[in-house]
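One structure is given below, encoded as structure tokens.
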Amino acid sequence: MPDNDNRPGGKTQPAAAGPAGDDAPRPARRGRLTLSQLAQTLNVSTATISLALRDSPLVAEATRERVQQAARELGYIYNRSAAALRTARSNVIGVAVHDILNPYFAEIFRALEDALGEKDQIVFICNHRDDVERQRVFTRALLQHRADGLVLCPSVGTASEEINRLVDTGLPVTLICRDLPGVNAPVVRGDDVTGARMLTRQLIDQGHRHIAMIGGRRESSSGVQRRAGWVAALEEAGIDVQSQLDVPELMTRADGFEAVDRILAHRPRPTAIFCFNDMIARGLVEALRRAGLDAGPDIAVAGYDDIIGAAASTPSLTSVNNGAREIGERAARMVLAQISGESVASERVLIAPTLKLRESTAEGPAG
């Protein structure tokens with residue numbers, strides 16, 4: 001029987017007796033050390049062991065050296081034939097965003113699935129909720145399962161170096177909706193500065209001088225850039241930015257609903273509200289109605305992204321169409337191009353925004 005204890009320092013079981021009449025012990029046969037056993041010995045995951053043995057930059061240098069040294073000392077033989085099989089195409093593309101409940105991302109998913117499905121790719125989805133560690137767990141799983149590529153709306157707190165390390169492993173990566181400075185991957189997103197500036201100008205042209213900005217994560221490029229567009233339009237019109245209500249970090253329908261008391265208590269009270277996205281705007285419209293105010297006649301409310309249902313809501317919602325379907329289609333083409341060996345790392349695609357003027361901002365300032 002093979003020795004069942006192959007751990008370092010393990011005791012060798014006595015060898016079985018030889019053939020009849022031969023009492024001399026045979027040398028014990030040792031089973032081949034497996035990757036799982038090596039991982040258990042070093043108290044790390046098998047994925048870490050595999051990446052370290054392939055000298056992956058996703059594993060810290062000290063850990064790589066410790067794994068490789070232990071493999072040499074314990075006689076672990078890296079199975080290059082199996083490794084070659086692991087480099088085969090999996091036909092899996094990972095897609096990770098911060099809020100899959102937002103219909104805007106649902107529209108992007110649909111476009112991605114349609115375009116990738118034509119090339120027999122399937123989509124694995126992650127809702128990282130702006131938790132960078134959840135994002136890391138997902139990307140590690142993609143590497144472990146040999147995904148063909150990743151389409152990512154990066155979490156707040158993501159460093160460009162982290163994305164670049166993924167790219168260095170050979171994983172095709174395309175960013176959507178949010179950009180990161182210094183990242184070596186293509187990006188497809190809406191032109192948030194232009195869209196926000198366009199919408200704020202429209203509200204100013206309607207006579208509004210007290211225009212609140214509600215929501216947006218200010219550590220994300222979209223949050224920073226939409227606010228920059230709002231500020232630019234106010235300054236161009238000679239309106240004091242510091243006197244305007246600016247409430248950061250809100251992102252959801254519930255956030256919009258809960259923000260109404262703060263908005264109505266602000267002095268001077270805003271006559272128009274620019275919401276970072278349509279989800280915030282929808283919650284705000286509901287809360288205003290409960291407070292006895294109608295979006296449009298009493299206070300203008302505008303959203304962003306032009307999600308499905310924005311035009312059919314009551315009142316219909318003024319918004320900026322941010323090209324969800326085009327973002328999904330272009331991102332799919334980019335990640336497929338990388339899988340095919342094309343170099344598109346330097347590409348930055350800005351989708352031109354379109355203003356959709358509807359009932360929720362149809363009137364000028366009240367009073």
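Every value quoted in this text rests on a predicted model; they were computed, and no experiment measured them.
Between Ile280 and Tyr304, the closest side-chain pair of non-hydrogen atoms is not below 4.5 Å. In this structure, the side chains of Phe138 and His128 stay at 4.5 Å or more apart for every pair of heavy atoms. Using a 4.5 Å cut-off on side-chain heavy atoms (C-beta onward), Ile263 and Pro270 make contact. Two residues are said to be in side-chain contact when any heavy atoms from C-beta on lie closer than 4.5 Å; Thr174 and Leu150 fail this criterion.
Between the side chains of His208 and Thr271, at least one donor-acceptor pair of N or O atoms lies under 3.5 Å. For the residue pair Tyr104 and Asn322, a side-chain donor N or O sits within less than 3.5 Å of a side-chain acceptor on the partner. At a cut-off of 3.5 Å, with distance as the only test, a side-chain donor of Ser319 or Asp278 sits close to an acceptor on the other residue. For the residue pair Gln69/Glu65, the side-chain donor-acceptor check at 3.5 Å is not satisfied.
The CG atom of Leu317 sits 8.0 Å away from the SG atom of Cys275 when rounded to the nearest 0.5 Å.
Every side-chain contact (heavy atoms from CB on, under 4.5 Å) that Asp114 has, sequence neighbours left out, goes to Arg110, Arg325.
No more than 12 heavy atoms of other residues, nucleotides or ligands lie within 6.0 Å of CZ in Phe124, so this atom counts as exposed by the packing criterion. Residue Glu249 places its CD atom among more than 12 non-hydrogen atoms of other residues, nucleotides or ligands, all under 6.0 Å distant.
Just one residue in the list Asp191, Asp305, Asp246 forms a salt bridge (charged side-chain N to carboxylate O under 4.0 Å, His left out) with Arg226, and that residue is Asp305.
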_For Arg189 and Gln225: C-alpha separation, side-chain torsions, deciding distance, then whether side-chain contact (heavy atoms from CB on, under 4.5 Å) applies._
CA-CA 12 Å; Arg189 62 178 179 83; Gln225 290 167 6; 2.9 Å; yes
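Residue pairs meeting the salt bridge (charged side-chain N to carboxylate O under 4.0 Å, His left out) criterion with at least one member in residues 345-362, sequence neighbours excluded: Asp179-Arg348, Asp306-Arg358.
Salt-bridge check for Glu133 with Arg140: passed, with a basic side-chain N closer than 4.0 Å to an acidic carboxylate O. A salt bridge links Arg217 to Asp130: at least one charged side-chain nitrogen sits closer than 4.0 Å to a carboxylate oxygen.
Panel note: side chain Thr200, backbone Ala196; a donor-acceptor pair is recorded below 3.5 Å.
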